[in-house]
Participant: 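Sharing a structure here in structure tokens format.
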Protein chains: 2
Amino acid sequence: MEHALFDPETAKDRLLAAAARLFRQKGFAKTTVRDLAAEVGLQSGSLFHHVRSKDDILFAILERVITGMTRDLAAALAAAPDLRSRMRALIAVELTYLHGPAADATAVLFHDWRALPEDRQAQLLRGRDAYFEMWSAVLTEARAEGLTRVEPMILRQFLHGALAWTSFWYQPAGEVTLDKLIDDALVMILR
Amino acid sequence: MEHALFDPETAKDRLLAAAARLFRQKGFAKTTVRDLAAEVGLQSGSLFHHVRSKDDILFAILERVITGMTRDLAAALAAAPDLRSRMRALIAVELTYLHGPAADATAVLFHDWRALPEDRQAQLLRGRDAYFEMWSAVLTEARAEGLTRVEPMILRQFLHGALAWTSFWYQPAGEVTLDKLIDDALVMILR
DNA sequence: GAGGCAACCAAGCGCTTGCTTGGGTGAACC
DNA sequence: GGTTCACCCAAGCAAGCGCTTGGTTGCCTC
């Protein structure tokens, strides 16, 4: 279900993975190309043999997260037997990305996407349309069936914010399992 | 109930208000001291007559938001007649700060606090303790009374994330009133 | 009306930033 | 075995950054 976003076999992907890690730790602005180069064992100038600009690195990371999440959510929804399972899938995919192997890249998507120039922000947003469309469809059905009480558009934003925020406080190694966290989020929005 | 965070009579407060506006628009890192100076009609060097450093500006803004929110929430809780009103107060204070006159400064607090050096981050976090303590007390009571189903600590984080995220999508001038938004958030967490 | 001081300007310093340049090296290919 | 090409280094450039400096202005005070 969940493929790794970066292939450790290729040099460029190793660069992207390291960049995601640093961007998450220090933020995009505070991470210099010299930091990145040191992390992968290169001179700072050598990065630009693999990549056109620092912005390009950020963009490539975010693009992979978006396409990955969209693909995985579509698969999870198709495999879900009933409505409640589909609602759980919305939450599970997002939290799995936020706290699984793709945690660094996903956190960067949620908290540093404003660092991109505006035209590239718009490009990414277009890529997210399909993803949010799936959310809206499930939540609209859920309200029609009486499973939730809040308007789908508003509930989608509330829930998305609640899940995104977990990257600031939730620790996968702690007491609360990821499964429990998913269930708690589901319980919160069910009437 | 809600005092203005910045006094337009004093030059320093006008600087802070303008800074909050720019920081929110472009982010702290992308806002230069020359941008700030132009916004208030000064030369860039003249800013440092009012302020020790660019970091100081950010810190001063965030500090005011924190003390203001803590004060207003305490007052709102004291005035609330019952438990449900206290729960609504938690949400109302946060959304009012996020979308009222203090919207710029509050958005900066929620989305750019990581731009500060770590020791000053810690200083701010200590200032937030009292605020979150009030949240925990209300949500713990709510669960004991059977009004909610999720553990107080987890629910607090979920709700805080959901509300913080509204600054990315909610438009106070649009169809949905702030009162309805508050009610929707309350409905979401009530069983 | 002299002294003091808050507020500001004009100029620029020192540093860091993202990125470029010219050249070197080893493996692959014909 | 000569050529090509992906990959990388060493060095540094141009621009933008936060911030400092020395000096001017005008108001307030006694």
Side-chain angles (χ1 to χ4, degrees), chain A residues 6-63 108 112-121 123, chain B residues 6-63 108 112-121 123:
Chain A
F6 305 109
D7 175 14
E9 301 287 314
T10 78
K12 175 163 181 180
D13 275 35
R14 260 177 283 132
L15 167 62
L16 293 183
R21 199 165 52 239
L22 290 184
F23 289 167
R24 184 196 190 173
Q25 274 177 27
K26 323 203 296 174
F28 177 77
K30 281 193 175 179
T31 304
T32 70
V33 294
R34 286 166 179 81
D35 292 335
L36 285 175
E39 191 79 4
V40 292
L42 289 181
Q43 294 291 335
S44 68
S46 306
L47 295 183
F48 296 91
H49 180 259
H50 302 276
V51 130
R52 235 187 319 263
S53 70
K54 189 190 171 191
D55 279 349
D56 261 25
I57 299 177
L58 179 58
F59 185 79
I61 293 172
L62 304 191
E63 203 179 25
V108 173
D112 252 349
W113 57 276
R114 291 197 316 159
L116 279 180
E118 288 197 15
D119 51 333
R120 303 195 115 183
Q121 285 184 29
Q123 199 172 338
Chain B
F6 306 109
D7 175 14
E9 300 287 313
T10 78
K12 174 163 181 178
D13 275 35
R14 262 178 281 132
L15 168 62
L16 293 182
R21 198 164 54 238
L22 289 183
F23 289 167
R24 184 197 191 171
Q25 273 178 27
K26 323 203 296 175
F28 177 76
K30 283 193 174 179
T31 305
T32 71
V33 295
R34 287 166 178 82
D35 291 336
L36 285 175
E39 191 78 6
V40 292
L42 288 182
Q43 295 292 331
S44 68
S46 305
L47 295 183
F48 297 90
H49 177 72
H50 302 276
V51 130
R52 234 187 317 263
S53 69
K54 189 189 171 192
D55 279 348
D56 261 25
I57 299 177
L58 179 58
F59 185 79
I61 293 172
L62 305 190
E63 203 180 24
V108 173
D112 252 352
W113 58 276
R114 290 198 316 158
L116 278 180
E118 288 198 14
D119 51 332
R120 303 195 116 181
Q121 285 185 29
Q123 199 173 338

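Nothing here was measured: the structure is a model prediction, and the numbers come from that model.
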Participant: With side chains defined as the heavy atoms from C-beta onward, is the minimum distance between B:V108 and B:F28 less than 4.5 Å?
Facilitator: no

Participant: Would you mind listing every salt bridge (charged side-chain N to carboxylate O under 4.0 Å, His left out) that reaches into residues 7-19 of chain B, with sequence neighbours excluded?
Facilitator: B:D13-B:R64

Participant: Could you tell me which non-hydrogen atom of B:P117 sits nearest to which non-hydrogen atom of B:D55, and how far apart they are?
Facilitator: CD-OD2, 3.6 Å

Participant: In residues 10-19 of chain A, what residues come within less than 4.0 Å of DNA chain D, judged by heavy atoms?
Facilitator: none

Participant: Which parts of residues 24-52 of chain A get close to DNA chain C, meaning a heavy atom less than 4.0 angstrom away?
Facilitator: A:T31, A:T32, A:V33, A:R34, A:S44, A:G45, A:F48

Participant: For B:Q43, what residues pass the side chain to side chain contact (heavy atoms under 4.5 Å, CB included) criterion, not counting sequence neighbours?
Facilitator: B:S46

Participant: What distance do B:T10 atom OG1 and B:L15 atom CG have between them, rounded to the nearest 0.5 Å?
Facilitator: 9.5 Å

Participant: Who passes side chain to side chain contact (heavy atoms under 4.5 Å, CB included) against B:P8, sequence neighbours left out?
Facilitator: none

Participant: Enter the distance from A:F48:CZ to A:K54:NZ here, rounded to the nearest 0.5 Å.
Facilitator: 9.5 Å

Participant: Residues two or more places apart in sequence or in another chain: which of them pass ring pair (Phe, Tyr, Trp, His ring centres under 6.0 Å) with A:F6?
Facilitator: none

Participant: If an axis is fit to five pairs at each end of the helix from C:dG4-D:dC27 to C:dC30-D:dG1, what is the angle between the two, to the nearest 10°?
Facilitator: 10°

Participant: Would you grab the first and last nucleotide of DNA chain D (5' to 3') that comes under 4.0 Å of any non-hydrogen atom in chain A?
Facilitator: D:dA6 to D:dG12

Participant: Just to verify, which of B:T31, B:V51, B:L62 counts as forming a side-chain contact (heavy atoms from CB on, under 4.5 Å) with B:I57?
Facilitator: B:V51

Participant: For A:A60, enumerate each residue passing the side chain to side chain contact (heavy atoms under 4.5 Å, CB included) test, keeping only those at least two apart in sequence or located in another chain.
Facilitator: A:L16

Participant: When rounded to the nearest 0.5 angstrom, what is the spacing between CZ in A:F23 and CG in A:D112?
Facilitator: 8.5 Å

Participant: Enumerate, atom names and distances included, each donor-acceptor pair closer than 3.5 Å involving a side-chain atom of residues 32-40 of chain B, sequence neighbours excluded.
Facilitator:
unit_1 : atom_1 : unit_2 : atom_2 : d
B:T32  : OG1    : B:R34  : N      : 3.3
B:T32  : OG1    : B:D35  : N      : 3.0
B:T32  : OG1    : B:D35  : OD2    : 3.3
B:D35  : OD2    : B:K26  : NZ     : 2.9
B:D35  : OD2    : B:T32  : N      : 3.1
B:E39  : OE2    : B:R21  : NH2    : 3.0

